[in-house]
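The chains referred to below are lettered A, B, ... by the order of the sequence lines, with proteins before strands, and numbering in each begins at 1.
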Amino acid sequence: MDIKITSKEYMEYIELVAKKIELNKDYVTELDSITGDGDHWVNMNMGFQRVLKDKESLASMKLSEMFQKVGMLIMSTVGGSSGVLYGSAYIKAAKVLGDETEMDINLLCEVLEAELNGIMERGKAKPGYKTMIDALYPAVTRFKESLEKGLDNHTALQELKQGAIDGMNSTKEMEAVKGRAYYQAQKGVGHIDPGAVTMCYQIEVLVDYLCK
Amino acid sequence: MDIKITSKEYMEYIELVAKKIELNKDYVTELDSITGDGDHWVNMNMGFQRVLKDKESLASMKLSEMFQKVGMLIMSTVGGSSGVLYGSAYIKAAKVLGDETEMDINLLCEVLEAELNGIMERGKAKPGYKTMIDALYPAVTRFKESLEKGLDNHTALQELKQGAIDGMNSTKEMEAVKGRAYYQAQKGVGHIDPGAVTMCYQIEVLVDYLCK
Amino acid sequence: MKKIINDPNDVVSEMLQGLVKAHPQLVYFDEVEVIAKKDKAEKVGLVSGGGSGHEPAHAGYVGKGMLDAAVAGNVFASPSPDRVLKGIQEANTGKGVLLIIKNYSGDIMNFDMAQELAGMEGIKVETVVVRDDVAVEDSTHSTGRRGIAGTVFVHKLAGAKAETGATLDEVKRVAEKTIANVRSMGMAMSPCVLPGVGKPGFLLGENEIEIGMGIHGEPGVEKTSIKTAAELAEILCDKILADYDVTGNEVALMVNGLGATPLMELYILNNEVEKKLSKHNIKIYKIFVGNYMTSLEMAGCSITLLKLDEELKELLDAKCDTPAMKV
Amino acid sequence: MKKIINDPNDVVSEMLQGLVKAHPQLVYFDEVEVIAKKDKAEKVGLVSGGGSGHEPAHAGYVGKGMLDAAVAGNVFASPSPDRVLKGIQEANTGKGVLLIIKNYSGDIMNFDMAQELAGMEGIKVETVVVRDDVAVEDSTHSTGRRGIAGTVFVHKLAGAKAETGATLDEVKRVAEKTIANVRSMGMAMSPCVLPGVGKPGFLLGENEIEIGMGIHGEPGVEKTSIKTAAELAEILCDKILADYDVTGNEVALMVNGLGATPLMELYILNNEVEKKLSKHNIKIYKIFVGNYMTSLEMAGCSITLLKLDEELKELLDAKCDTPAMKV
Ligand SMILES: Nc1ncnc2c1ncn2[C@@H]1O[C@H](COP(=O)(O)OP(=O)(O)O)[C@@H](O)[C@H]1O
Ligand SMILES: Nc1ncnc2c1ncn2[C@@H]1O[C@H](COP(=O)(O)OP(=O)(O)O)[C@@H](O)[C@H]1O
Ligand SMILES: [Mg+2]
Ligand SMILES: [Mg+2]
Ligand SMILES: [Mg+2]
Ligand SMILES: [Mg+2]
């Protein structure tokens, strides 16, 4: 199994993510209503729909250019924390893409790691704070370790996905440190973080797309 | 019956007026509540009580000086229309008093006429507008006519008093032209004007004091 | 009643004390509740005043290029003549004094009396009466039209004229011209509460507003349902223009808040009024947006149009420096 | 909901359009909701911004001697980085730009991102974060103290410094010093209504006020019964002085209204605050009373104290000319 992701393919993936998010309105909204201000689904949906609108032109761009542009689009469309956090992720990732026209699996790993760092730096947050980071961090870590260990692409990608799922679920028993959930009486304990859920969706969809 | 009113005597009269007004709180307040904003008794009471406070020094002043001062005291103490209307009346009257140290009946008539003019000019109002003028105007007119006809002092003073009473009662069926009562649905028709009532009190008390 | 006050009887004096602390170029005379400039220039003096509760009117307009003294009555009650007299005395430097009166019966009588008292002291006093509110022809507080936010333009233009060293007659002429050229129309969305009373003087339904309501809560012309900013601009401007057609002219515009209406809404309204006036081919020379003539914590607004010519434009642009208006 | 608006989604852009019509020396950039000066002087650029609903903050402080550009987010929501970037671009004349940020998580992230974007374009950008509100240590909108009315003093003093031709580092130092020296404490008496929501975000009882409430209606420190102006002055000042003892020092004082509180009440409060500070032997150099940092139609107030030294006094007295502050 060989991994070569072009801009065109990345946009196909984005389309699937957009669909996935669109379909999970009630669940995500409910989670953010419990732990935050209830707008996380609206934010994410607005952002990905906006990106989709420019699908054609984005698909024809250089990878780094496309990432930069996606970041800017999400950032300027979405209010709240997730807009600037995803914007930062994409723009940080754009930098590692350099002049490449396609991502192999190692570059994909670097891109995801850059996104993780982009979010952690922007949000001044770490794993364990009950945020989207808690889905992305274990996912990237396990993905990276698998590649370093020389595991095959398929296994490494499954590790990526399982890391996101486990990480997402781990937020359920966490106490929030950042964001609005922090100010809830229980700091959100007993509920999964909505940002971790939508982050997990994106990784699941990516892995499924690449492994299909 | 000879009429000679000094400053000291005028202040004795003022004391009786203040008492008369003090005793009629509920009736006057009720009338102004029906036709106006309900503060007429408070205004008048405050004004005359204030004048009383300076009784000693006022009683020792020259008549014109005393009238000027009473006008200023009422004016600065009382808000609303009646403060400036009575203030104007007294200050206008002060002018006709010149250097006199006592009022005879003719000077008293001139003084009352000056007060009437002071109020009419200040309020830009005439008889028939349903105001205090409707008590004072017929009172002064009948007083003056009696003196011109050469009637005796006692009769002339009774004409003054009856003019005020009849005038006051005549406001009951009038429609208001000036002041707040004007804006009542019925323009106050069916109710006596509170300003006419307190004006009538002052004249009654004056006549009773002089004829006692 | 939720108000930041102490004893309701003391609101006027405490407010004016608070004002002079923030504006040490002004001086406060207690008992008579007069605010005046500390530094007197030799020129025609300008005095205005009226009931309190309309802040920044009128004490906020005392300063270079506008008033020389402001006289405050109790809340919504005319100041008595002795108070006004003190204002006149403070404003007088020997060149005479112009009294700018809003057309309310109480103010008229009290200011007229003050003018006479000043006359006895040999001070030359002239008066002008502002009647800019086109809403109603008579009201619970006035015979004839009420004086509202347009009064601030009279302060500004007559003040600028006085600053040039003009005579009392010239200053009065400018004030009269401004009064002839100015029209206002307002609307209220919520009631105000007199400190001494403690409850609203009138009530409006949850979605109800009153077009033409006065700045003391006096009845207006119509209770109606809440409107968009565009509709309000239309209603208020149409009422003014029906009275005074300034099509093709240049105007100054004031979008005034009644006290509790946020600046955000006033700017949104301004945006609509400008569009509306443009449609009528009315050129707006200068716009003032803010709380210039208020009614305690009433929510609502008024629109004021002042027709300009070269003389008035120059006076409008003249420097002024007061707590509530700096040009 | 009674507001003078059209579509709740358009309040920000329509408000800013209304603002530039009233202040033609400013220019409005639509979509990005940026207000900037038309005439650019070659100097360090100053940019601030944040959620809308705090008018006149921040667009009202754009002008000579204060900000060069203000960036508006939706009501109570941070502007996105691309908007802030536009503000930076407009403010930049080659000498670098200082971003003045109020300490809210959303603002911090979005302004930081904008700083990076500007950096990519080769614009030198520094940031300062205002945290003047002593009420709470963390809040629903911030990690650490919130930034409120004290921000206006940062605009004023850093703006005055920039006007002298100082370098970015020097301007930043003044901003940091102002931030170090400024403290605020507020109180709310009635809720505000987000245009897009239509009903109050919180409720207060008929005689209830909330001490320390934030300018978005975030919880404060205590709900209590309505107090006199003297008691309020005591409570708010004591809380500030417990945090920052300026006894024996000179200060600038701001008595700020949250939007619906009449000027009369602010002046009465000012009178009490001045008395209270005098008792503590604190000398008040200058007082600002008005609606400087609001919260839509919330009723309430805040007190801000800025400790002064010779440098800050000079900068405070420097001329400035903006829609909401003229010195
Ligand atoms: N400082 C932060 N760092 C990383 N993620 C954060 C941070 N703050 C919030 N988040 C994530 O953002 C999500 C909420 O996003 P969203 O609802 O769109 O924005 P907002 O919180 O501004 O309403 C949270 O569930 C959390 O996962
Ligand atoms: N323009 C006027 N001329 C003469 N009398 C007047 C005028 N306006 C009002 N009044 C008298 O004043 C009385 C009301 O006085 P008061 O209640 O003390 O003042 P206000 O009307 O300002 O509340 C009325 O009953 C009427 O007799
Ligand atoms: Mg949210
Ligand atoms: Mg949000
Ligand atoms: Mg009355
Ligand atoms: Mg009255």
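- For the residue pair C/Asn6 and D/Glu272, a side-chain donor N or O sits within less than 3.5 Å of a side-chain acceptor on the partner.
- Residues C/Met15 and D/Leu266 have side chains not in contact (no heavy-atom distance under 4.5 Å, counting atoms from C-beta outward).
- Options C/Met1, C/Lys286, C/Glu231, C/Glu208 differ in how many heavy-atom pairs under 4.5 Å they form with chain D, and the most are formed by C/Glu208.
- With a 6.0 Å radius and a threshold of 12 heavy atoms from other residues, nucleotides or ligands, D/Lys38 has its NZ atom above the threshold.
- Between the side chains of D/Asn270 and C/Lys21, no donor-acceptor pair of N or O atoms lies under 3.5 Å.
- Note that NE2 of C/His23 and OH of D/Tyr267 are 3.5 Å apart. Values are rounded to the nearest 0.5 Å.
- Of the residues considered (D/Gly259, D/Gly18, D/Pro323, D/Pro56), D/Gly18 shows the highest number of contacts with chain C, using heavy-atom pairs under 4.5 Å.
- For a residue to count as touching a neighbouring chain, one of its non-hydrogen atoms must lie under 4.5 Å from one of that chain's; by this rule C/Ile226 touches chain D with the side chain only.
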Pair D/Ile4-C/Met187, side chain to side chain contact (heavy atoms under 4.5 Å, CB included): steps then yes or no
CA-CA 11 Å; D/Ile4 307 176; C/Met187 143 339 255; 3.8 Å; yes
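- With a 4.5 angstrom heavy-atom cutoff, D/His54 does not touch chain C via any of its atoms.
- Interface remark: D/Leu204 contributes backbone and side-chain atoms alike to the contact with chain C (heavy atom separation under 4.5 Å).
- Among the candidates C/Val20, C/Leu269, C/Leu232, C/Val11, the residue making the largest number of heavy-atom pairs closer than 4.5 Å to chain D is C/Val11.
- Between chain D and the residues C/Leu296, C/Val289, C/Thr294, the most heavy-atom pairs under 4.5 angstrom are made by C/Leu296.
- By the 6.0 Å contact criterion, NZ on D/Lys199 is open, its count of non-hydrogen atoms from other residues, nucleotides or ligands being 12 or less.
- Between chain D and the options C/Leu263, C/Leu19, C/Thr228, the largest number of non-hydrogen pairs under 4.5 Å is found for C/Leu19.
- Put simply, the side chain of C/Lys3 does not reach to within 4.5 Å of the side chain of D/Ile268, judged on heavy atoms.
- Heavy atoms of other residues, nucleotides or ligands lying less than 6.0 angstrom from NZ of D/Lys64 number 12 at most.
- Between D/Glu55 and C/Pro262 there is no side-chain heavy-atom pair separated by less than 4.5 Å.
- Residue contact with chain D, scored on non-hydrogen atoms closer than 4.5 Å, is absent for C/Met298.
- Expressed to the nearest 0.5 Å, how far CD of C/Glu297 lies from CE of D/Met264 amounts to 9.5 Å.
- The NZ atom of D/Lys227 sits 14.5 Å away from atom CD1 of C/Ile5, with the distance rounded to the nearest 0.5 Å.
- Proximity to chain D is limited to the side chain of C/Val75, based on heavy atoms less than 4.5 angstrom apart.
- Listed for the C/Lys2 side chain is a donor-acceptor partner under 3.5 Å among the backbone atoms of D/Met189.
- Among D/Asn271, D/Asp7, D/Ile287, the residue with the largest count of heavy-atom pairs under 4.5 Å with chain C is D/Asn271.
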